[in-house]
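In what follows, a structure is listed as structure tokens, so that the remarks can point back to it.
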Amino acid sequence: MADGSRCSHIEGCELYPRFSLRGALRIWQDRYCNHPTHHQKCERFVRSNAGQPVPATLLPNGEHIAT
Amino acid sequence: MPDWLLHDYWPWWFSAAFFATMVVGVWLAERRLLGVSGSYAAAIERTREEDEAARRLDEADPAAIDDALMRATLAAFGPEAVAELEREQAAAAAAAPAGPPIGLTGPRQAMPRSAHVTFLVMLAVGGLLGALGSSGWEVRTDLGPLHEALTGGGAISLLALVGGGFLVGFGTRMAGGCTSGHGLSGCSRLQPASLVATASFFGTAVAVSFALEAVAR
């Protein structure tokens, strides 16, 4: 359900809402989710499209949130 | 129970109100979009790794997640880029004080696999109850006289149904949703992709129905 300019997986992404909680975290949205082309480099996007598991802690750059 | 609920098909106005209530209710209660194929995929595809990651995130202290996210953000982009973004945001906020943010704004817990399974089982139970309460329930291996006429019945008819089900599943995954996800949730939000997908579903169904009827005659 994309508008053609940002990531089509935003609606179901478990991390996207968390990136809205704090101003500095929105850099992920700017650099990945809402970027017209870079969202295709998001590791979550890539894995999802490849039918691979997408852990909730996986960040767009392939790192994990160390909880 | 009222008579109109015991017919083969519910009246259109009742179905419309019912489905609208369900879609809006799920959104208001859970902030999630209703979608059968998405639940099905989550129920059968979700791995132990995903379950474990979701559990860790759900059970962690929100402040700890916030700190961990900030550390990861600084490591990924560097303190200068983050500081620059914060300056831009502060300047934008000062120039035009914003109202509440639009869209998804709160953290959302991952729905456990058991919730997806329960949803899918209840779909079948609801269908069974509806059938028992109206025209009755019976196991069939055909889709009616037209289907019988085209397939000849028997094993071929059953294979056609299984093959059709496979194609529906394949198309649903390719399209990123089914009639509930695109037709109910997507169209109600005027999502362009869902409007196109739903028009394709129903347009194809109408065209194929006419074509099959013409072939069967």
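Below, chain A is the first sequence line, B the second, and so on; all start at residue 1.
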For [Y], does its backbone N or O pair with a side-chain atom of [X] as donor and acceptor, under 3.5 Å?
| X | Y | answer |
| --- | --- | --- |
| H39(A) | H35(A) | yes |
| R44(A) | C13(A) | no |
| S188(B) | S185(B) | yes |

Contact class of L85(B) relative to chain A, heavy atoms under 4.5 angstrom: side chain
Heavy-atom contact with chain A under 4.5 Å, split by part of D61(B): neither
Contacts under 3.5 angstrom, residues 14-24 of chain B side chains, donor-acceptor by atom type, not counting sequence neighbours:
unit_1 : atom_1 : unit_2 : atom_2 : d
S15(B) : OG     : P11(B) : O      : 3.3
T21(B) : OG1    : A17(B) : O      : 2.6

Residue pair P60(A) / F19(A), side-chain heavy-atom distance below 4.5 Å: yes
Partners meeting side chain to side chain donor-acceptor pair (under 3.5 Å) with D67(B) (sequence neighbours left out): none
Region of L59(A) in contact with chain B, defined by heavy-atom distances below 4.5 Å: side chain
Positions in residues 74-84 of chain B that reach chain A, provided some heavy atom is under 4.5 Å away: A76(B), F77(B), A81(B), V82(B)
Side-chain polar contacts of residues 204-212 of chain B - donor-acceptor pairs under 3.5 angstrom, sequence neighbours left out - could you list them?
unit_1  : atom_1 : unit_2  : atom_2 : d
T204(B) : OG1    : S200(B) : O      : 2.6
S209(B) : OG     : A205(B) : O      : 2.8

